[in-house]
Visitor: 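Please read through the structure below; I'll follow up with questions.
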Amino acid sequence: MIPVGEFRNLGAELNSKYRVLKPWWDVFSEYLCIVMLMIGVFGCTLQLTQDKISCLPSHFTSPTPEVIDCSHIRTYRENDTLQHTLVKPASPIIQEVFGRKNNLDIHQYVFVNHYCYERFVHWYAKYFPYLVVIHTVIFMVASSFWFKFPGTSSKIDLFVTILGKCFDSPWTTRALSEVSEERGEEKLVSWRRNTISNYPTERRADEEETVGLLQSATIKSNPEKKPESQSAPSVLDKKEGEQAKALFEKVKKFRTHVEEADILYVMHVLQTSLKVFKFLVIIIYTAVLVPNIEIVVRCFVPPELTGFDIYCCNHTKAHLFSKLAYCYICFVGVYGLLCIYTLYWLFHRPLKEYSFEQVRLETGINDIPDVKNDFAFLLHLVDQYDALYSKRFAVFLSEVSESRLHQLNLNHEWTAKKLRTRLSKNTNNQLELHLLMLPGLPDTVFEISEVESLKLEQVKNVTISHSVAKLESLRELSLIFCPAKLQLPALNHLKEHLKALRLAFESLEEVPIWMYTLHGLEELHLNGPLTNEVSRSATLDSLRGLRALRVLSLRSNLTKIPPSIGDVALQLQKLSIYNEGVKIQAFSSLKKLTNLVSLELVGCELERIPSAVFSLDNLQELDLKENKLTTVEEILSLQHCRRLVTLRLWHNKITYIPDHISKLHSIETLDISWNKLQKLPSRLFYCTKLRHLDVSHNQLTSLPPEVGIPQGLQFLSAAFNSLEMVPEELFSCKKLKTLALGNNCLSYLSSRVANLVQLVRLEIKGNRLESLPLEIGDCPLLTDSGLIVEESLLDLLPSDVRGRLNKS
């Protein structure tokens with residue numbers, strides 16, 4: 001058997017768990033149900049524990065038994081007198097009868113009592129208590145049916161569980177208190193502005209600027225965190241932070257799951273409608289049948305049993321049942337009015353929409369979204385219980401609140417000590433902090449003041465706060481597929497101190513607006529699509545605000561040089577364009593860059609050198625890597641670039657170099673590697689200022705004797721060709737420091753290699769050499785680490801020669 005206490009505990013637990021979803025009328029209805037149930041139980045108890053009816057025979061009978069009135073039973077003489085005085089010719093005949101003795105008086109009257117109760121007492125008078133219990137149970141079941149229905153119970157249970165956890169979460173209290181502190185601080189600032197009359201105008205303007213935040217698509221208003229909230233791990237420890245983080249995820253998933261339908265609302269309406277219908281039925285049939293609860297009941301029994309055929313019975317509980325019935329009708333009436341009010345509330349108010357406008361005003365958290373359908377309906381019910389629940393629950397619907405919690409957890413995980421282990425030197429010899437694929441930017445980053453370069457790669461939800469001012473050495477910022485938002489104080493700091501910015505993005509919309517305001521920026525590197533998908537034209541915004549820009553690098557898919565580059569024409573010194581196999585057809589914007597010193601046009605599908613380049617009088621370096629150049633006849637026009645010292649034509653399809661390349665008198669570095677050259681013009685070496693020459697990875701079979709003319713030559717690479725010999729004149733270039741002749745067809749190396757007194761690196765591996773000249777040991781600066789050759793050839797050298805090569 002199941003103890004009764006188990007049912008009591010179950011009911012108490014259910015009532016306590018779902019109390020937040022029960023408005024006052026539902027609670028009042030529950031009390032009414034309890035009273036009605038008590039009425040029914042009391043009636044049932046009386047019905048089972050006491051005699052139901054007591055019957056006495058009537059000593060008078062009549063062919064028309066209806067004239068025998070049990071409520072006027074008198075003595076024999078009274079009835080006899082009554083018979084003579086009242087009976088008229090038309091009156092019915094009333095006769096006196098006498099009973100029959102059978103020595104079974106008790107048993108026969110017990111039988112008569114039961115017989116009369118079952119046959120002549122109205123069914124409503126007999127079953128009234130049971131009907132009350134049944135109706136009350138139905139009311140109670142209907143009131144909580146949606147708590148048990150499979151389609152709604154899981155959602156309700158999950159909502160109540162999450163709501164309770166959100167209400168008790170330490171993060172809820174902290175988030176609301178932080179907002180209160182910030183709003184109090186804002187009021188304090190406002191009070192100061194209004195009360196201090198002689199406050200200096202400039203100081204007041206500065207204060208307004210630091211309090212406000214620049215509003216734009218990429219610079220958003222995030223309240224600055226106070227030192228107390230930043231250093232409060234004792235208020236919210238790591239475990240509580242993780243629990244709050246899990247709550248945010250649960251609320252998101254629950255909202256997505258519940259907002260899709262309105263089954264909770266529909267079920268609540270249906271069960272309320274059922275109660276109203278039940279109320280109407282009970283009121284109607286009870287009001288009709290209550291008069292049938294009679295105290296005196298007339299009963300007809302076959303006279304063969306006792307000799308009497310009419311019995312007058314007294315229904316002992318009729319009077320009490322009648323009073324209980326009328327009392328029950330009153331309680332049902334109140335219950336029904338509450339149900340009708342519930343329906344009015346359900347249909348009159350827009351319960352499928354819930355606005356947090358009032359909560360936003362009270363809490364100061366402005367990004368709490370409005371909800372709809374079942375989610376809204378549940379919150380409306382919660383408001384009827386206590387609006388504080390919705391206010392505290394709303395904290396977990398706010399993205400700002402989530403980002404703050406996220407930030408706190410991130411700070412716990414990434415301490416300053418842990419971040420310092422990631423410091424390293426980058427290619428520019430700067431102390432760099434590289435953070436990859438973090439869920440956010442830890443505030444502890446701003447505690448590492450020695451950082452010179454901050455690189456954030458695929459870091460989510462980055463907001464650079466005013467604390468960036470602590471990074472006094474920060475000069476370079478890299479945001480690789482990492483959209484970032486800036487607070488206004490942070491932007492003001494970066495305007496003055498940031499020198500290099502590197503951005504990688506997937507769409508043009510991700511280019512931050514604040515980038516165009518960095519007037520102290522000297523280097524800007526952009527990697528991503530800069531063209532409109534429809535027009536395929538460059539849509540880079542005006543660069544007029546970048547007054548200090550010297551270096552601009554674009555790695556994109558341009559079809560023409562962006563016109564906005566002309567905004568920085570006077571100060572721009574280096575322009576690098578790395579195109580992704582898209583042909584650039586318009587170079588007119590280049591003509592404005594009169595002060596350009598270095599130009600790189602890589603992967604731009606160029607078939608000839610753009611004519612706009614020839615007008616760049618101050619150009620010193622030109623790089624045309626990975627294009628489709630087959631001939632460079634127009635190279636003669638480069639003589640107008642009188643300051644050109646570096647020309648890189650590598651990774652093209654050039655088949656020959658014209659003789660008039662000798663007109664480039666100022667050229668010092670020439671890189672024509674990775675082409676299809678079969679020979680070099682002798683006039684090339686009349687560029688007497690040549691210092692660096694790279695002709696590797698071509699199809700050369702020989703070098704002209706004029707290779708020895710440029711006496712200042714320091715670097716020569718002819719590797720990966722088909723050279724069978726090297727002219728002796730080469731070894732007259734006594735300033736050569738690097739000579740790369742590997743992977744050719746050389747069969748010997750001249751002993752004049754000893755003339756190269758400044759040679760530090762000699763590459764001859766991959767040839768057909770059978771031995772090395774002994775004079776190779778006479779190169780004073782050449783060591784075994786700088787000699788790239790097969791080990792077998794080194795073993796053939798005498799020990800003294802190898803000793804000289806091993807002098808390092």
Side-chain angles (χ1 to χ4, degrees), residues 13 16-21 153-182 222-223 225-259 356 359-360 362-369 371 375 378-379 382 385-419 437-445 459-463 465:
E13 180 181 355
S16 174
K17 185 174 183 180
Y18 296 135
R19 68 186 187 279
V20 295
L21 296 180
S153 59
S154 59
K155 295 180 180 180
I156 295 174
D157 185 70
L158 185 59
F159 174 75
V160 172
T161 302
I162 294 175
L163 182 66
K165 291 181 178 179
C166 292
F167 188 87
D168 298 330
S169 174
W171 173 249
T172 309
T173 304
R174 173 164 181 176
L176 292 175
S177 63
E178 282 185 0
V179 171
S180 298
E181 291 176 4
E182 290 163 1
N222 289 329
K225 298 179 181 178
K226 304 295 181 292
E228 291 80 8
S229 64
Q230 291 178 354
S231 59
S234 59
V235 177
L236 190 71
D237 59 24
K238 184 176 181 180
K239 181 180 179 181
E240 292 171 339
E242 291 297 329
Q243 291 174 348
K245 181 180 178 181
L247 277 178
F248 272 105
E249 293 299 323
K250 288 182 179 179
V251 170
K252 283 183 179 178
K253 293 180 180 179
F254 178 79
R255 180 186 175 190
T256 303
H257 178 58
V258 174
E259 276 193 321
F356 286 97
V359 179
R360 289 192 287 263
E362 293 178 2
T363 62
I365 304 176
N366 297 322
D367 70 323
I368 303 174
V371 296
F375 201 4
L378 290 172
L379 291 172
V382 170
Y385 179 78
D386 191 341
L388 182 60
Y389 276 85
S390 298
K391 178 180 176 181
R392 295 176 71 87
F393 184 75
V395 172
F396 289 86
L397 291 170
S398 166
E399 292 185 3
V400 171
S401 174
E402 183 179 9
S403 64
R404 290 184 182 181
L405 173 66
H406 181 269
Q407 191 67 40
L408 189 62
N409 289 335
L410 199 63
N411 295 341
H412 281 311
E413 181 180 359
W414 292 91
T415 61
K417 182 179 179 181
K418 183 177 180 179
L419 289 174
M437 299 183 70
L438 293 188
L441 179 63
D443 291 330
T444 48
V445 167
V459 179
K460 300 179 181 178
N461 302 320
V462 174
T463 298
S465 68

Visitor: Please round to the nearest 0.5 Å and tell me the distance separating atom CZ of Arg392 and atom CG of Asp386.
Guide: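 Arg392 atom CZ to Asp386 atom CG measures 10.5 Å (nearest 0.5 Å).
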Visitor: Determine whether Leu410 and Pro439 make a side-chain contact, defined as any pair of heavy atoms from C-beta on separated by less than 4.5 Å.
Guide: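 Yes. Closest side-chain heavy atoms under 4.5 Å.
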Visitor: Return the NE2 to OG1 distance between His412 and Thr444, rounded to the nearest 0.5 Å.
Guide: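 With rounding to 0.5 Å, NE2 (His412) is 11.0 Å from OG1 (Thr444).
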Visitor: Between Trp414 and Pro442, what is the shortest heavy-atom contact and its length?
Guide: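 Trp414 and Pro442 have their closest heavy atoms at CB-CG, 3.7 Å.
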Visitor: Just verifying a value: how many Å separate Thr463 OG1 and Leu441 CG, rounded to the nearest 0.5 Å?
Guide: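 Going from the OG1 atom of Thr463 to the CG atom of Leu441 covers 8.5 Å.
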Visitor: Please test Leu21 against Leu378 for side-chain contact (heavy atoms from CB on, under 4.5 Å), starting from the C-alpha separation and ending with a verdict.
Guide: CA-CA 7 Å; Leu21 296 180; Leu378 290 172; 4.1 Å; yes
Visitor: Would you say Leu397 and Val251 make side-chain contact, with heavy atoms under 4.5 Å?
Guide: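 Yes, side chains in contact.
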Visitor: Donor-acceptor pair, distance only, cut-off 3.5 Å: does the side chain of Ser169 make one with the backbone of Lys165?
Guide: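 No, because the side chain of Ser169 does not come within donor-acceptor range (under 3.5 Å) of the backbone of Lys165.
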Visitor: List for me each residue that meets ring-ring contact (aromatic ring centres under 6.0 Å, His included) alongside Phe254, sequence neighbours excluded, and say none if there are none.
Guide: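 Testing Phe254 for ring-ring contact (aromatic ring centres under 6.0 Å, His included), a comparison that skips the adjacent residues, returns Phe159, Phe375.
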Visitor: Atom NZ of residue position Lys253 - does it have more than 12 heavy atoms of other residues, nucleotides or ligands inside 6.0 Å?
Guide: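 No.
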Visitor: Which heavy atom in Val459 sits nearest to a heavy atom in Met437, and how many Å separate them?
Guide: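 Where Val459 meets Met437 most closely, the heavy atoms are CG2-N, 4.3 Å.
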Visitor: Within the 4.5 Å heavy-atom criterion, are Tyr389 and Leu379 side-chain neighbours or not?
Guide: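 SC-SC contact between Tyr389 and Leu379 ruled out.
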Visitor: Working to the nearest 0.5 Å, report the span between NZ of Lys250 and OG1 of Thr161.
Guide: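 Answer for the NZ-OG1 pair, Lys250 versus Thr161, is 8.5 Å.
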Visitor: Report the residues that fulfil salt bridge (Lys or Arg N to Asp or Glu O under 4.0 Å) with Glu249, sequence neighbours left out, ordered by chain and then residue number.
Guide: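 By the salt bridge (Lys or Arg N to Asp or Glu O under 4.0 Å) rule, Glu249 matches no residue at all.
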Visitor: At their closest point, which heavy atom of Phe393 faces which heavy atom of Cys166, and how far apart are they?
Guide: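 Phe393 and Cys166 have their closest heavy atoms at CD1-SG, 3.9 Å.
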Visitor: Taking all non-hydrogen atoms of both residues into account, name the closest pair between Lys391 and Val359 and its distance.
Guide: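 Between these two residues, the closest heavy atoms are CA-CG1, 4.0 Å.
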